[in-house]
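Read the structure below first, then the notes.
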Amino acid sequence: MSEPNTLDHVRRVLDRHKAHILATYRAVGVGIGQATSPGTAYVITVYLQSSTDRPQEPVTMDGVPLRFTVTGPVRPLHPGEASG
């Protein structure tokens, strides 16, 4: 198993827990970001609609820290058009 601070490990953790993270924190999105704390290279960034959904205590998934960012609601730039 790879170390918790490698990009490959963080990708696997996100793949495994994405649905749970989105549902548990009522998140509008998730991604991988660079950590700012020493000893940790990457974090899972969880984008929230409201600060009331932000947990009070630090959260980790399989050794990977979750960083919570309040973005507000996310809407498509062109409603009715599919992206990607």
Side-chain angles (χ1 to χ4, degrees):
M1 181 176 195
S2 58
E3 295 298 317
N5 63 353
T6 66
L7 185 55
D8 286 339
H9 176 71
V10 175
R11 284 180 176 150
R12 283 193 297 277
V13 171
L14 181 56
D15 286 344
R16 190 167 40 250
H17 296 290
K18 183 176 181 178
H20 172 76
I21 293 168
L22 289 169
T24 300
Y25 301 105
R26 299 181 340 141
V28 295
V30 293
I32 296 173
Q34 290 188 311
T36 56
S37 44
T40 304
Y42 300 99
V43 298
I44 295 174
T45 304
V46 182
Y47 300 101
L48 305 173
Q49 286 191 52
S50 169
S51 61
T52 59
D53 297 319
R54 186 190 309 258
Q56 297 298 312
E57 299 294 323
V59 178
T60 61
M61 294 273 173
D62 296 342
V64 179
L66 274 57
R67 175 175 54 205
F68 295 89
T69 302
V70 178
T71 60
V74 175
R75 296 179 185 85
L77 291 176
H78 303 286
E81 290 184 22
S83 64

Check whether any side-chain heavy atom of [X] sits under 4.5 Å from a side-chain heavy atom of [Y], and report yes or no.
X	Y	result
I32	T45	no
I21	L66	yes
V13	I44	yes
H20	M61	yes

Nearest 0.5 Å, please: how far is CZ in R11 from OH in Y42?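 Taking OH in Y42 and CZ in R11, the distance rounds to 8.0 Å.
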Roughly how far, to the nearest 0.5 Å, is NE2 of H17 from OG1 of T24?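 Here the rounded value is 11.0 Å.
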Look at the side-chain heavy atoms of Ile, Leu, Val, Met, Phe, Trp and Tyr, link any pair under 4.5 Å apart, and say whether F68 and V43 land in one connected group.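 Looking at the clustering, V43 is in a separate group from F68.
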Please assess R16 against D62 for the test side chain to side chain contact (heavy atoms under 4.5 Å, CB included), listing each intermediate value before the final yes or no. CA-CA 10 Å; R16 190 167 40 250; D62 296 342; 3.0 Å; yes
The single option from T71, V74, V28 passing side chain to side chain contact (heavy atoms under 4.5 Å, CB included) against Q49: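 Of T71, V74, V28, side chain to side chain contact (heavy atoms under 4.5 Å, CB included) with Q49 is met by V28 alone.
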Of all heavy-atom pairs between Y47 and G31, which one has the smallest distance, and what is that distance?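 What the structure gives for the nearest pair is CE1-N, 4.2 Å.
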Main chain of T69, side chain of R54: is a donor-acceptor contact present, judged purely on distance under 3.5 Å?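 No.
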Using modelled atom types and a 3.5 Å cut-off, is there a donor and acceptor pairing between side-chain atoms of T6 and backbone atoms of H9?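 Yes: the side chain of T6 pairs with the backbone of H9.
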One pair to check against side chain to side chain contact (heavy atoms under 4.5 Å, CB included): V59 and Y25. What are the steps and the verdict? CA-CA 11 Å; V59 178; Y25 301 105; 3.4 Å; yes
